[in-house]
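What follows is a short report on a single structure.
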2 protein chains.
Amino acid sequence: MEAKSPLAELLCFDLYAASRSVTSVYRVLLDPLGLTYPQYLVMLVLWRRDESTVRALVEELQLDYNTLSPLLKRLEARGLVERRRRPDDERSVAVVLTAEGREMREQAAHVPQAIGEAIGVDETEIAELQGVLRKITVSAAARAAELSGRKAAI
Amino acid sequence: MEAKSPLAELLCFDLYAASRSVTSVYRVLLDPLGLTYPQYLVMLVLWRRDESTVRALVEELQLDYNTLSPLLKRLEARGLVERRRRPDDERSVAVVLTAEGREMREQAAHVPQAIGEAIGVDETEIAELQGVLRKITVSAAARAAELSGRKAAI
DNA sequence: AAGGATTACCTCGCACACGATCTAATCGTG
DNA sequence: CACGATTAGATCGTGTGCGAGGTAATCCTT
């Protein structure tokens, strides 16, 4: 019964270590562009869609406003994006690529393949791993919400 | 050929999201103890060994001195550990549990099982996942060192 | 024995993550 | 229409995570 638990904790550490290890590769690859990994994730979204909102980015990247707001401010300071209040809903802030932000796409074009080679797993493993990882993400997020949700249940 | 790369990048994001999601469960569980997840990892090591050094913790947790030094300082400020220079090698700092630190073990005894339930994967999946995660960690760390190692190669 | 490497550790600075708290705009209901 | 609730976003404080740089102790080679 309780033999299961230490295994799970070890898995969580492996997850933590793997995530940092992968980020360290991104750091090396993105440093010449002056981007961090979370910043790169925002750029990836915008390179596909050209415009988004803070709220959409929050949901897509599963990050909070308090992480993304300063991050977007830094991207704006670097001249890669612009932020504008939406006329139709003044609460909403649109995030738009600048010309410079759009051009950076080519400079980052080599990153995906470099990452693919760095992690060194074949496509079959990737697909399997993705399935389990997403299950864990959903399950853990639900449990965290449930456990901390007592105050919200008032 | 290049169809592989976007898949790998997606996997990295899933890794990043899963790691944060799992940490959020730990946060809820550890908050009553006043511990963060990395602090808990240090305590786990000490609960097994009762004494360690900063260097040993650096290697075991795959973190750097610049992360662990302040963390250990905070654990010491909370009265959970003590740090002492080793008499036989004054460069080395021994990290030892205090009585309070030792007692906390019982208060954290429920955590492993709670985590096991939260991530919601069975033992078979855990074992497989661990294998792939460790492979990724090693492979990515090696590549990051290789790519950034040009200055070290001087 | 001397002096340059190496080791173990620390501090600083910056960029996340995230809980807590705030503001302003919009929505929904009476 | 009014007003409380909700929504979108920002700010602050704390704790990592890590590059860069510093110091003291030990080792190693001559």
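Chain letters run A, B, ... following the sequence lines, proteins first and then strands; every chain starts at 1.
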| task | Run the numbers on B:Glu128 and A:Val132 for side-chain contact (heavy atoms from CB on, under 4.5 Å), then give the verdict. | result | CA-CA 10 Å; B:Glu128 288 175 11; A:Val132 189; over 6 Å; no
| request: Take A:Leu15 and B:Ile119 through the test side-chain contact (heavy atoms from CB on, under 4.5 Å) and record every step on the way to the result. | output: CA-CA 12 Å; A:Leu15 206 52; B:Ile119 63 179; over 6 Å; no
| Where do A:Met104 and A:Leu97 land on the side-chain contact (heavy atoms from CB on, under 4.5 Å) test, with the steps shown first? | CA-CA 10 Å; A:Met104 185 177 270; A:Leu97 281 179; over 6 Å; no
| So A:Leu11 and B:Ile115, side-chain contact (heavy atoms from CB on, under 4.5 Å) or not? Walk me through it. | CA-CA 10 Å; A:Leu11 175 72; B:Ile115 288 294; over 6 Å; no
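Taking A:Arg105 as the reference, nothing meets the salt bridge (Lys or Arg N to Asp or Glu O under 4.0 Å) condition, with sequence neighbours excluded.
Put simply, A:Arg55 has no side-chain N or O that comes within less than 4.0 Å of OP1 or OP2 on D:dG9. Within the structure, a side-chain polar atom (N or O) of B:Arg74 is placed less than 4.0 Å from OP1 or OP2 of D:dT16. Regarding contacts with the backbone of C:dT11, a side-chain N or O of B:Lys73 is found under 4.0 angstrom from either OP1 or OP2. Close to D:dG15, at under 4.0 Å from its OP1 or OP2, lies a side-chain N or O of B:Arg78. Listed pair A:Tyr16 / D:dT16 fails the phosphate criterion, with no side-chain N or O lying under 4.0 Å from OP1 or OP2. Phosphate contact (OP1/OP2 of D:dA10, side-chain N/O of A:Ser69, threshold under 4.0 Å): present. Distances shown here put a side-chain N or O of B:Ser92 below 4.0 Å from the OP1 or OP2 atom of C:dC9.
If you measure from atom CD of A:Glu76 to atom P of D:dG9, you get 14 Å, rounded to the nearest angstrom. Taking atom CG of residue B:Leu63 and atom C1' of nucleotide D:dT16, one finds them 9 Å apart after rounding to whole Å. The CG-P distance, from B:Asp64 to C:dA8, rounds to 14 Å in whole Å. At whole-Å resolution of the value, CG in B:Leu72 and P in C:dT11 are 11 Å apart. D:dC18 atom C1' lies 15 Å from atom CG of B:Leu61, rounded to whole Å. For the pair A:Asn66 CG and C:dA15 C1', the computed distance is 14 Å after rounding to whole Å. The CD atom of B:Glu59 sits 12 Å away from the C1' atom of C:dT7 (whole-angstrom rounding). Taking atom CD of residue A:Gln62 and atom P of nucleotide C:dA17, one finds them 13 Å apart after rounding to whole Å.
Which of D:dC18, C:dC10, C:dC16 sits closest to the side chain of B:Thr67 comes down to D:dC18. Of the candidate nucleotides D:dT11, D:dG9, C:dG19, D:dG9 has the atom nearest to the side chain of A:Tyr65.
Consecutive Watson-Crick or G-U pairs involving DNA chain D, each under 3.5 Å on both distances, make up stems of three or more pairs at C:1-30 with D:1-30.
Atoms CG and CZ, from A:Leu10 and A:Phe13 in turn, are 8.0 Å apart once rounded to the nearest 0.5 Å. Separating the CD1 atom in B:Ile136 from the CD1 atom in A:Ile126 is a distance of 7.5 Å, to the nearest 0.5 Å.
Crowding of A:Arg49 atom CZ: a count of heavy atoms from other residues, nucleotides or ligands under 6.0 Å exceeding 12. The number of heavy-atom neighbours closer than 6.0 Å to CD of A:Glu59, taken from other residues, nucleotides and ligands shown, is above 12.
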Please tabulate, one pair per line, all N/O donor-acceptor pairs under 3.5 Å involving side-chain atoms of residues 68-79 of chain B, not counting sequence neighbours.
| residue | atom | partner | partner atom | Å |
| --- | --- | --- | --- | --- |
| B:Ser69 | OG | B:Tyr65 | O | 3.2 |
| B:Glu76 | OE1 | B:Arg83 | NE | 3.1 |
| B:Glu76 | OE1 | B:Arg83 | NH2 | 3.3 |
| B:Glu76 | OE2 | B:Arg83 | N | 3.1 |
| B:Arg78 | NH1 | B:Gly34 | O | 3.0 |

Under 3.5 Å, which donor-acceptor pairs link side chains of residues 24-33 of chain B to any protein atom two or more places apart or in another chain?
| residue | atom | partner | partner atom | Å |
| --- | --- | --- | --- | --- |
| B:Ser24 | OG | B:Ser21 | O | 2.6 |
| B:Tyr26 | OH | A:Glu9 | OE2 | 3.0 |

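Between the side chain of A:Arg86 and the backbone N or O of A:Thr53 there is no donor-acceptor pair closer than 3.5 Å.
If you check every strand for non-hydrogen atoms under 4.0 Å, B:Leu68 touches nothing.
The shortest side-chain heavy-atom distance between B:Leu63 and B:Leu41 does not fall under the 4.5 Å cut-off.
If you find the closest nucleotide of DNA chain D to A:Ser21 and to A:Ala56, the one lying nearer the 5' end belongs to A:Ala56.
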Show the distances under 3.5 angstrom between N or O atoms of the protein and N or O atoms of nucleotides 23-26 of chain C.
| residue | atom | partner | partner atom | Å |
| --- | --- | --- | --- | --- |
| C:dT26 | OP1 | A:Glu90 | N | 3.0 |
| C:dT26 | O4' | A:Arg91 | NE | 3.4 |

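Less than 4.0 Å separates DNA chain C from at least one heavy atom of each of the following residues of residues 27-49 of chain A: A:Thr36, A:Pro38, A:Gln39.
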